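Keep in mind that what you see is a predicted model, and the values were worked out from it rather than measured.
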Amino acid sequence: VLAKLWPELSVKPEDWPEASVWRVKLRGLPFAIDVQEVVDFLAPKLVVSADAIRVPRKNAKKKYLKEGDLRPGEAEVLIQATKESIEGVKELHNTHLGSRWIEVSVDQADPSELP
């Protein structure tokens with residue numbers, strides 16, 4: 001799909017820049033997730049600090065969400081990525097956290113967004 005929409009964008013991690021800032025998006029998380037659970041989920045593949053993780057507000061209601069807010073069941077992590085960490089993210093896609101399947105995606109972020 002990416003190749004059709006943006007043919008100039010490479011989907012191979014080896015063609016991406018050496019080290020840059022990436023946003024890892026997690027979907028399908030339990031609604032009452034906390035930061036430590038996200039750190040534990042990513043721990044086998046990525047080393048992240050709690051400051052780099054953004055989770056939704058507790059008891060967030062969909063109709064009251066503002067632009068840029070995370071929905072319940074989502075989280076974002078900003079990391080300084082290398083090829084190994086991107087490959088680790090790929091391996092975490094569609095894995096379990098408790099009884100839930102977690103979708104993991106990655107896209108490039110602005111370096112000024114790092115905490």
Side-chain angles (χ1 to χ4, degrees):
V1 174
L2 285 175
K4 289 181 181 179
L5 294 175
W6 298 285
E8 70 279 358
L9 182 68
S10 175
V11 293
K12 300 178 193 167
E14 60 268 7
D15 294 339
W16 295 346
E18 261 314 296
S20 57
V21 179
W22 296 91
R23 179 181 293 113
V24 178
K25 294 182 181 180
L26 305 172
R27 289 186 56 213
L29 296 167
F31 288 176
I33 192 85
D34 64 356
V35 173
Q36 187 58 46
E37 289 176 302
V38 175
V39 170
D40 294 341
F41 175 72
L42 295 173
K45 303 295 178 184
L46 301 171
V47 177
V48 294
S49 69
D51 298 336
I53 298 173
R54 210 172 66 124
V55 294
R57 295 185 327 257
K58 296 288 182 195
N59 300 319
K61 304 291 186 249
K62 188 175 178 181
K63 66 181 181 179
Y64 298 118
L65 292 178
K66 297 180 180 100
E67 188 175 333
D69 283 350
L70 294 173
R71 293 186 202 160
E74 294 182 350
E76 281 186 355
V77 182
L78 290 173
I79 60 168
Q80 190 76 21
T82 60
K83 290 179 186 175
E84 294 81 24
S85 62
I86 297 301
E87 289 300 320
V89 169
K90 281 184 172 181
E91 293 172 11
L92 289 173
H93 182 63
N94 284 338
T95 56
H96 281 95
L97 178 63
S99 64
R100 301 188 62 123
W101 285 97
I102 307 302
E103 294 178 24
V104 180
S105 63
V106 64
D107 63 345
Q108 200 158 15
D110 185 12
S112 66
E113 294 179 32
L114 272 178

Out of curiosity, [X] [atom1] to [Y] [atom2], how far, rounded to the nearest 0.5 Å?
| X | Y | atom1 | atom2 | value |
| --- | --- | --- | --- | --- |
| Leu78 | Trp22 | CG | CH2 | 12.5 Å |
| Thr95 | Arg100 | OG1 | CZ | 13.0 Å |
| Arg71 | Arg27 | CZ | CZ | 7.0 Å |
| Leu92 | Leu42 | CG | CG | 6.0 Å |

Test Ile53 against Val48 for side chain to side chain contact (heavy atoms under 4.5 Å, CB included), laying out the working first. CA-CA 8 Å; Ile53 298 173; Val48 294; 4.0 Å; yes
Is the shortest heavy-atom distance from the side chain of Phe41 to the side chain of Leu26 under 4.5 Å? yes
Of the non-hydrogen atoms in [X] and [Y], which two are nearest, and what is the gap between them?
| X | Y | answer |
| --- | --- | --- |
| Leu97 | Pro30 | CD2-CD, 4.0 Å |
| Gln80 | Val21 | OE1-CG2, 3.6 Å |
| Val38 | Ala75 | CG2-CB, 4.3 Å |
| Pro56 | Glu74 | CD-O, 2.9 Å |

Does Val104 form a side chain to side chain contact (heavy atoms under 4.5 Å, CB included) with Val24? I'd like the steps, not just the answer. CA-CA 7 Å; Val104 180; Val24 178; 3.8 Å; yes
More than 12 foreign heavy atoms under 6.0 Å from CZ of Arg23: is that the case here? yes
